Amino acid sequence: MTLSTTPIQSVAQLRCISCGATPDSAAQDFRCANCGDLLEFTFPEWTYDPQALKALWLHRKALLKPLDQSGVWRFRELLPPIPEEHVITLREGNTPLYEMPRCARIAGVENLQAKHQGMNPTASFKDTGMTVAASSAHQQGFRWVACASTGNTSASMAAYAARGNMHSLVLIPEGKISWGKLSQSLDYAALTCQLRTDFDGCVRILNELVRQKPVYLLNSVNPYRIEGQKTAAIELMEQLEWEPPDHIIVPGGNLGNSSAIGKALLEMRDLKLISRLPKLSIIQAQGANPFYRTVKEFGGTKLVPMTADTQATAIRIGNPASWKKALRVLRETSGEVEQVTELEIAEAKAEIGADGIGCEPASAVTLAGLKSLRQRGFVKPGESVILILTGHLLKDPDFTIKFHRGDLFGGTPDDRQPPQTSRLQRAPVVLDADLGAVVAALDAAERNS
Ligand code: F0G
C-alpha cells in the first residue's frame, strides 16, 4: 500500500445545528445569522477507504514532522483543512489509556480503562481543540484571541496564542478557579481579567466584546475547537484496535467535549472505521446540573439556566452553550445522564489517585457517575467502560490537600463525612526528625493496610 503523508484537503462546510443554514463563514460569535443557534462543521465530500486511513494514521506515528507527531493533526483527514504554515502545535494528544484495576473492583465492572487527557501539554483536554482553533485564528490574521473560562480553556488558549505570536485575553470568575490554572495563563503572558461574576457572567461579557473588537473567540462555541477535540475519540479507538467499548463516560460542563466525542463516534461509524457505537454518558455535579435536568425533567425540550455551585470548579457552569449538540449525541449513542454529589466526586478522585493515575475534581465525576450507572443497571458488570479524565491531578492541589486533611467540606452541608471517605484520606504526618518515629509510623501504616 502506498502511504501519502500530505494532508488531503477535505472540504469543510459550516452548518447551523437548528435551521440547517450553510453560511460560507462564521460571525464573530459563531452564531447562525438566521436563528442564533450554534454552527458545526460537516464534510460532504468524504469518501475514504477506512483501512487505508487507519494504516496512514499509524504510519505517521513513526514520522518526525510536527504535524505527524501531534496526536491531533495526525488525524487531519477528519479535520477542517488549515495550511501547514499556520498550524500551531505543542504535540498535543497522544494521551495514554490506562487499566484501572482498583477502580474497576470498586465500581463493579471487569473491564475499566481511563483515557487521560490531562497528559496534554497544558495538562487538560482543551489542547486538542485549541491547536485547531488557534491555528484558524492565525490563518485569519487575528492579533488577539479571547475566552471566558473556568481555568483550563484559558491556560490552553494562552499557551497556543503565545506559541503563535498572538495576544490573548482571559476572562475568569474571580476566586472560583484554581491557582494552578490561573498561574498558567499568567506565565503564558495572557491579559488575565478576574471578573466579579461566575463563568456564565464571563461568557456574557465576552459575547458582547467580540461584537465590538476584532478579537477571535476561542470558547467551544467555536466549531474548530469541537473538531480538534474529536481526535481524543479517534485516538481512543485506535488504541483499542478499532474495537469500540460498550461505554464512554465524560464530565459535562459547557458540553463541548461530550459533543465533540459524540460527533467523532458518529463520523467514525459513518466512515466504517468502527462497526458499532459505544454509549456515551455525561455526568454533572449535582450543584451544576442544568443538562441533567434538561434530560430528566424537561424531556430534552429546553435548558433552564441555573446558578451553579460545585467544588469541581472546572464544571461550575449553569448555562452550557452546547447543550443541543450534547443532547443529540446522547440520544444517537443511547447514552445516559447522571448527577453526582460533592462527596461522591471527592471519593472518586481519591480512588482514581489510589490507582496511581490521579485527575482533577471535574474528571472524577466520571468514576462517581459510573458507580451509580452500574448500580442502576445501565452499565452491566461484563461491559467494557472508558472514563475520559479531562484534567491533571496537579491542576487543583488545594482540593486534594483539603480532602486528605479533612477540610474540604468545612462549613458545607457535607461537613459530616461518611466513614468510607476517611478510609481514603492520607493526611501528611508531621513527626520529629527521629528514626524511631518514622519506623513507628511505617509499622502503624502496615498494620492498617
Ligand atoms: N473537565 C475539565 C477539567 C474542564 O476544564 C472542563 C471544562 C470540563 C471537564 C467540561 O468540559 O465544558 O466541554 O463540557 N472547562 C471549561 C474551561 C469550561 O473554561 O476550562 P465541557
Side-chain angles (χ1 to χ4, degrees), residues 38 114-120 122-130 133 146-159 170-173 176-178 180-182 184-185 190 192 195 198-203 206 217-222 225-226 228-230 232 249-263 280-285 288-292 308 310-323 325-327 329-330 337 340 345 349 352 358-369 387-396 399:
L38 295 184
K115 181 152 178 68
H116 206 328
Q117 293 296 90
M119 299 300 193
N120 267 294
T122 77
S124 86
F125 72 99
K126 305 287 182 181
D127 295 341
T128 55
M130 203 54 75
C147 72
S149 181
T150 56
N152 279 329
T153 302
S154 46
S156 182
M157 177 189 76
V170 164
L171 302 186
I172 47 172
K176 294 292 181 190
I177 79 162
S178 77
K181 298 172 190 177
L182 175 62
Q184 284 181 290
S185 71
T192 304
L195 303 189
D198 55 11
F199 169 80
D200 303 294
C202 292
V203 170
L206 185 62
L217 181 67
L218 279 177
N219 277 85
S220 58
V221 293
N222 181 324
R225 286 269 314 275
I226 303 295
Q229 285 173 209
K230 283 188 329 194
I249 302 185
V250 289
N254 215 17
L255 298 171
N257 200 32
S258 35
S259 305
I261 289 174
K263 186 170 192 281
L280 180 67
S281 293
I282 303 173
I283 318 296
Q284 295 204 296
N289 65 352
F291 185 65
Y292 175 84
T310 169
Q311 299 208 59
T313 51
I315 50 172
R316 198 170 179 278
I317 295 172
N319 190 13
S322 294
W323 71 272
K325 289 185 179 181
L327 185 67
V329 299
L330 188 84
V337 281
V340 293
I345 295 171
K349 185 172 123 55
I352 292 167
C359 64
E360 70 164 283
S363 310
V365 302
T366 54
L367 178 62
L387 306 180
I388 306 292
L389 302 181
T390 45
H392 198 279
L393 170 69
L394 293 176
K395 280 281 190 174
D396 193 352
F399 182 105

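Not measured: the values here are computed from a predicted model. Values below: every heavy atom of this structure, side chains too, minus hydrogens, waters and symmetry copies. Both counts, for ligands and for their atoms, begin at 1 and track the order of listing.
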| field | Test item, Val250 contacting ligand 1 (heavy atom, 4.0 angstrom) | value | no
| Structural part of Lys395 in contact with ligand 1, heavy atom criterion under 4.0 angstrom | neither
| request: Kindly confirm or rule out an N or O of Ser258 lying under 3.5 angstrom from an N or O of ligand 1. | output: no
| Closest non-hydrogen protein atom to atom 8 (C) of ligand 1, residue and atom name please, with distance? | Ile315 CG2, 3.6 Å
| field | Full working for side-chain contact (heavy atoms from CB on, under 4.5 Å) between Ile249 and Ile283 | value | CA-CA 7 Å; Ile249 302 185; Ile283 318 296; 3.5 Å; yes
| task | State the atoms of ligand 1, each with its element, that fall below the 4.0 Å cut-off from a heavy-atom position in Ser149. | result | 17 (C), 19 (O), 20 (O)
| note | In ligand 1, the atoms that come under 4.0 Å of a heavy atom of Gly256 are 13 (O), 14 (O), 21 (P)
| task | Would you mind listing which atoms of ligand 1 come within a distance below 4.0 Å of any non-hydrogen atom of Thr153? | result | 16 (C), 17 (C), 19 (O), 20 (O)
| message | At less than 4.0 angstrom from any non-hydrogen atom of Asn152, what atoms of ligand 1 do you find? | response | 2 (C), 3 (C), 4 (C), 5 (O), 20 (O)
| Got a sec, which pairs hit side-chain hydrogen bond (donor to acceptor under 3.5 Å, both in side chains) with one end in residues 313-322, sequence neighbours left out? | Asp309-Arg316
| Under 4.0 Å to a heavy atom of Ala314 - the qualifying atoms of ligand 1, by number | 2 (C), 3 (C), 4 (C), 5 (O), 6 (C), 7 (C), 15 (N)
| Is any N or O atom of Ser363, backbone or side chain, closer than 3.5 Å to an N or O atom of ligand 1? | no
